[in-house]
Amino acid sequence: MKMKILIDADGCPVVNHTIRIGNAYGLDVLILCDTSHVFEREGATTLTVSKGADSVDYALVNRVSPGDIVVTQDYGLAAMCLARQALPIRQDGMIYNQDNIDALLFSRHTAHKIRKGGGRLKGPAKRDRKKLDQAFEQSLVALIEHQLQENQL
């Protein structure tokens, strides 16, 4: 089965980068979003699902195959993709794997408990677009190259 790239597009700043790189390697690129975020991009297929809690996540997981690349900033979705033997990557270029996903999920759980208890957390720093886009592109290319090499062995 041919590797493809799936993008959890709601709030994703690297959609165009992903399409460009995926197309350069001849990969199918699938953009998934809900009805509140409509994406139509040349070089990719868009699947729009009904708005609802985690509707995009479940639609994506139901379409992912082992060896596919998934672009997401959602730790829960990344964990589900890892369980399906896919390769999730965050928009800053961090590649999720079995060594880091548990700590990330624990951190998310702890932050949720603090917020639920009325506490406040400092938000993320402003995104350094140029630096993070470059890091993402380098990681995505390395991930694709690695998978293509693995598939040839």
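Residue indices begin at 1 and follow the sequence shown.
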How far apart are the closest heavy atoms of [X] and [Y], and which atoms are they?
X: Cys33; Y: Ala9; result: CB-CB, 4.4 Å
X: Val29; Y: Gly22; result: CG2-CA, 4.1 Å
X: Ser65; Y: Lys4; result: OG-NZ, 3.5 Å
X: Asp68; Y: Arg63; result: OD2-O, 4.1 Å
X: Leu27; Y: Met3; result: CD2-O, 3.6 Å
X: Ala78; Y: Pro88; result: O-CG, 3.6 Å

[X] side, atom [atom1]; [Y] side, atom [atom2] - distance, nearest 0.5 Å:
X: Ile89; Y: Ile7; atom1: CD1; atom2: CD1; answer: 11.0 Å
X: Ile95; Y: Leu140; atom1: CD1; atom2: CG; answer: 8.5 Å
X: Ile31; Y: Leu6; atom1: CD1; atom2: CG; answer: 10.5 Å
X: His146; Y: Glu150; atom1: NE2; atom2: CD; answer: 4.0 Å
X: Leu32; Y: Cys12; atom1: CG; atom2: SG; answer: 11.5 Å
X: His17; Y: Phe136; atom1: NE2; atom2: CZ; answer: 8.0 Å

Partners passing side-chain hydrogen bond (donor to acceptor under 3.5 Å, both in side chains) against [X] (at least two apart in sequence or in another chain):
X: Thr18; answer: none
X: Gln73; answer: Gln91
X: Asp34; answer: Ser36, His37

Mind checking salt bridge (Lys or Arg N to Asp or Glu O under 4.0 Å) for Arg41 and listing every partner two or more places apart, or none if nothing turns up?
->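 Testing Arg41 for salt bridge (Lys or Arg N to Asp or Glu O under 4.0 Å), a comparison that skips the adjacent residues, returns none.
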Would Gln134 and Gln138 satisfy side-chain contact (heavy atoms from CB on, under 4.5 Å), going step by step from the backbone distance to the final call?
-> CA-CA 6 Å; Gln134 185 176 34; Gln138 289 172 347; 3.9 Å; yes
Does [X] reach the main-chain N or O of [Y] with its side chain, forming a donor-acceptor pair under 3.5 Å?
X: Ser139; Y: Ala135; result: yes
X: Ser55; Y: Ser50; result: yes
X: Asp74; Y: Leu77; result: yes

side-chain hydrogen bond (donor to acceptor under 3.5 Å, both in side chains): which pairs involve residues 23-33, sequence neighbours left out?
->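 Found Tyr25-Glu145.
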Could you pull out all donor-acceptor pairs under 3.5 Å where a side-chain atom in residues 42-49 meets a protein atom, sequence neighbours excluded?
| from | atom 1 | to | atom 2 | distance (Å) |
| --- | --- | --- | --- | --- |
| Thr46 | OG1 | Phe39 | O | 2.7 |

Among residues two or more places apart or on two chains, list those pairs meeting salt bridge (Lys or Arg N to Asp or Glu O under 4.0 Å) that have a residue in residues 16-26.
->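 Found Arg20-Glu137.
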Can you list the steps and then say if Thr72 with Arg90 is a side-chain contact (heavy atoms from CB on, under 4.5 Å)?
-> CA-CA 5 Å; Thr72 185; Arg90 197 166 65 186; over 6 Å; no
Applying side-chain contact (heavy atoms from CB on, under 4.5 Å), run through Val70 and Leu87 and close with a yes or a no.
-> CA-CA 6 Å; Val70 177; Leu87 305 160; over 6 Å; no
Residue pair Asp8, Val71: steps toward the side-chain contact (heavy atoms from CB on, under 4.5 Å) verdict = CA-CA 6 Å; Asp8 176 12; Val71 179; over 6 Å; no
